[in-house]
Amino acid sequence: MDNFTYCTPTRYDFGRGVELKAGERLAQLGLKHVLVCYGMGSVVRSGLLDRVLSTLTKASVAYTLLGGIEPNPTDPKVREGIALCRTEGIDGLLAVGGGSVIDTAKAIAAGVPYPGDFWDFWAGKATVKTALPVGVVLTIPAAGSEGSGNSVITLLDGLHKISLRTDSALRPRFALLNPELTFTLPPEQTAAGIADMMAHIFERYFSPTADVEITDRVSEGVLMAIIEEAPKVMRDPTDYQARANIMWSGTLAHNGICGTGRREDWVSHFMEHEISAVYGVTHGAGLAVILPAFMTFMAQHAPRKGAQFARRVFHISEPDDTRAALLGIDALKMFFTSLGLPVTFAQLGISDPDITLLVKKLHENKGQTIGGYYPLTATETTAIYKLAL
Ligand code: NZQ
Ligand code: ZN
């Protein structure tokens, strides 16, 4: 096990009605005027936004609204938010939505106190030292941004989709998680969220670090819980207990606990981000396509972790590592398919992907060699994209 620092300063309120704590939590942070960020209208239609805003009024926290944040968020909305915060004298942000809304709020939070262009952080030219505080009312368990220090934004000029990783600067100060708010999710978003949270565990599970039994077992436990609960939420979207288990899994998958003491991988995410940047697909659906391809490549080149996953999570008894890993991938694909997820580019609606372009952008954005588990150059990442055809 490697040395590590683990710091997750987010305060979580979990359960029915917790969104009504929004005003109180913001006031506790000493905030006077916040920017309330939301997406393309689901929180307006459900009445959630009004419910949350009334708690702000009650707590004497003034607000300005920034709606219309699209999935796979882009830089113009961040710039609009930064300008708004500066002119209105805003001192904090509340994100009401999913990863796209939260990531936009985080990017605005980083950009407001910074004198240069906010993209400097994503381009690796500057480090976030200070940011406005961000609170979250989560409406979709998927990206895990409610517990992560990351923010994923696409720069429209060149379609660069980049994940900025911070240790604690951009972790939300609080997150309000009411599973009932996820009842209205369309099935394809529920399923994509499940693939995404599983991917967040795999990115940490496929690690070259040895002797991390505790972190492996935590990861396998969360994966097994997801696999057990997922069919229940697909069958009955209003099953509160199943929704609750899936919601907390999404946070545990990405708040760092599954990565403690080891080197992480992140190749599947890097490869998927290029797909969603270029083709605008849902992130989790793209991952359902890339993950089996990545794992198939690894079964052929470094089967150890894939075999362990197959044996411990899917109870596959095959003694040969490569064969066990491949059987585990079959089981994973069947699971994704049972949720209605795509597992090939064609099923994702991309019949003829421009793999040359995806690989070029991937290595421009992420370097010539990528991957913490098994180093990959353009030759190997091309092979992985082809395995997803
Ligand atoms: O925009 P609205 O109208 O709100 O609709 C959204 C959107 O269409 C809808 N939705 C959300 N909650 C709903 C709902 N519809 C009905 N009822 C509800 N309760 O779902 C759609 C997807 O929303 P989005 O916020 O895009 O989902 P998600 O949480 O999957 O976020 C995806 C983004 O997060 C990034 C992804 O790359 C992508 O850009 N990621 C961020 C990470 C991070 N910050 O740590 C890590 C992840 O790996 C990921 O890369
Ligand atoms: Zn993800």
Side-chain angles (χ1 to χ4, degrees), residues 8 10 19 37-49 66-75 77-78 95-107 109-110 122 134 136-154 161-166 170-172 175 177-204 233 237-238 243 246-247 250-251 253-256 259 264-277 280-288 290-291:
T8 54
T10 306
E19 67 276 17
C37 301
Y38 60 98
M40 300 305 287
S42 71
V43 301
V44 178
R45 289 190 295 277
S46 67
L48 171 64
L49 186 65
L66 181 71
I69 297 167
E70 292 176 330
N72 300 317
T74 57
D75 62 303
K77 210 62 182 175
V78 177
V96 186
S100 298
V101 173
I102 304 168
D103 287 1
T104 302
K106 288 176 174 177
W122 277 254
V134 176
V136 170
V137 178
L138 186 66
T139 63
I140 171 171
S145 186
E146 71 281 5
S148 83
N150 305 2
S151 166
V152 185
I153 303 292
T154 300
K161 184 171 185 178
I162 307 276
S163 174
L164 170 68
R165 306 190 73 180
T166 71
L170 292 184
R171 278 188 206 265
L177 277 62
N178 175 357
E180 283 180 337
L181 301 182
T182 69
F183 287 1
T184 53
L185 277 169
E188 62 278 9
Q189 284 296 339
T190 298
I194 287 163
D196 192 14
M197 61 183 78
M198 291 177 79
H200 295 154
I201 301 172
F202 288 130
E203 300 286 14
R204 297 168 163 101
V233 294
T238 63
R243 285 284 192 192
I246 287 292
M247 193 170 212
T251 303
H254 198 37
N255 76 346
E264 302 181 359
D265 186 59
W266 292 100
V267 161
S268 302
H269 266 70
F270 292 169
M271 294 186 71
E272 193 296 315
H273 282 165
E274 298 309 333
I275 302 173
S276 48
V281 299
T282 299
H283 169 63
L287 283 166
I290 284 299
L291 276 173

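Ligands are counted one by one from 1 in listed order, and the atoms in each one are counted from 1 as well. Residue numbers run from 1 in the order of the sequence given.
- There is a side-chain donor-acceptor pair under 3.5 Å between Ser145 and Asp103.
- Taking the N/O/S atoms of His269 in turn, the shortest distance to the Zn ion (ligand 2) belongs to NE2.
- By the criterion of a heavy-atom distance under 4.0 Å, the side chain of Asp196, and not its backbone, is placed next to ligand 1.
- Looking at Glu70 against ligand 1, nothing comes within 4.0 Å, counting heavy atoms.
- Distance from atom 47 (C) of ligand 1 to its nearest protein heavy atom, with residue and atom name: His200 NE2, 3.3 Å.
- Annotation for ligand 1: atoms under 4.0 Å from non-hydrogen atoms of Ser148 are 43 (C), 44 (N), 45 (O).
- Taking a cut-off of under 4.0 Å to the non-hydrogen atoms of Pro73, the atoms of ligand 1 that pass are 39 (O).
- Thr251 and Glu146 share a donor-acceptor pair across their side chains, judged by distance under 3.5 Å alone.
- Here His254 does not reach the Zn ion (ligand 2): none of its N/O/S atoms is less than 2.8 Å from the metal.
- Considering backbone and side-chain atoms alike, Met40 places an N or O below 3.5 Å from some N or O of ligand 1.
- Residues Leu138 and Ile102 have side chains in contact (heavy-atom distance under 4.5 Å, counting atoms from C-beta outward).
- Inter-residue side-chain proximity for Pro141 and Thr182 is flagged as met; some heavy-atom pair is nearer than 4.5 Å.
- The parts of Ala143 lying near ligand 1 are both backbone and side chain, judged by heavy-atom distances below 4.0 Å.
- For the pair Asp196 and His269, the minimum side-chain heavy-atom distance is below 4.5 Å.
- Considering backbone and side-chain N/O of Thr182, none are found under 3.5 Å from N/O of ligand 1.
- Take the Zn ion (ligand 2) as the corner point: the lines to OD1 of Asp196 and to NE2 of His200 open at 80°, to the nearest 10 degrees.
- For the pair Arg204 and His254, the minimum side-chain heavy-atom distance is below 4.5 Å.
- Proximity to Thr184 (heavy-atom distance under 4.0 Å) selects the following atoms of ligand 1: 16 (C), 17 (N), 18 (C), 19 (N).
- Considering both main-chain and side-chain atoms, Pro186 never comes within under 3.5 Å of ligand 1 through any nitrogen or oxygen pair.
- With a 4.5 Å cut-off on side-chain heavy atoms, Val233 and Ile194 count as touching.
- For ligand 1, the atoms closer than 4.0 angstrom to any heavy atom of Ala142 are 29 (O), 30 (O).
- Residue contacts with ligand 1 for Ser100 involve both N, CA, C or O and side-chain atoms from C-beta outward (heavy atoms, distance under 4.0 Å).
- Scanning the protein heavy atoms around atom 28 (P) of ligand 1, the nearest turns out to be Gly99 N, 3.6 Å.
- Look at Ala199 and you'll find every heavy atom at least 4.0 Å from all atoms of ligand 1.
- For atom 3 (O) of ligand 1, the nearest protein heavy atom (residue, atom name, distance) is Ser42 N, 3.0 Å.
- Within the 4.5 Å cutoff, side-chain heavy atoms of Met197 are placed close to those of Ile246.
- Proximity of a side-chain donor or acceptor of Asn178 to a complementary backbone N or O of Glu19 within less than 3.5 Å is not detected.
- Within the 4.0 Å heavy-atom criterion, the part of His283 lying near ligand 1 is the side chain and not the backbone.
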Applying side chain to side chain donor-acceptor pair (under 3.5 Å), run through Ser276 and Glu272 and close with a yes or a no.
CA-CA 6 Å; Ser276 48; Glu272 193 296 315; 3.0 Å; yes
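- Close approach of ligand 1 to Gly39 is summarised as follows: ligand atoms under 4.0 Å from at least one heavy atom of the residue are 1 (O).
- With a 4.0 Å cut-off on non-hydrogen atoms, Asp103 touches ligand 1 through its side chain and not its backbone.
- Ligand 1 lies nowhere less than 4.0 angstrom from a heavy atom belonging to Val43.
- Closest protein heavy atom to atom 11 (C) of ligand 1: Thr139 OG1, 3.5 Å.
- Ligand 1 places these atoms under 4.0 Å from at least one heavy atom of Leu181: 19 (N).
- Taking 4.5 Å as the limit, some side-chain heavy atom of Thr190 sits within range of a side-chain heavy atom of Arg243.
- Ligand 1 has no atom lying under 4.0 Å from any heavy atom of Glu272.
- Using a 4.0 Å cut-off to heavy atoms of Asn72, the atoms of ligand 1 that qualify are 38 (C), 39 (O).
- Taking every heavy atom of Asn150 and a limit of under 4.0 angstrom, the matching atoms of ligand 1 come to 43 (C), 44 (N), 45 (O).
- Not a single heavy atom of Gly144 sits under 4.0 Å from any atom of ligand 1.
- For the pair Cys37 and Ile69, the minimum side-chain heavy-atom distance is below 4.5 Å.
- Between the Zn ion (ligand 2) and Glu272 there is no N/O/S contact shorter than 2.8 Å.
- In terms of N/O distances under 3.5 Å, ligand 1 is not approached by Trp266.
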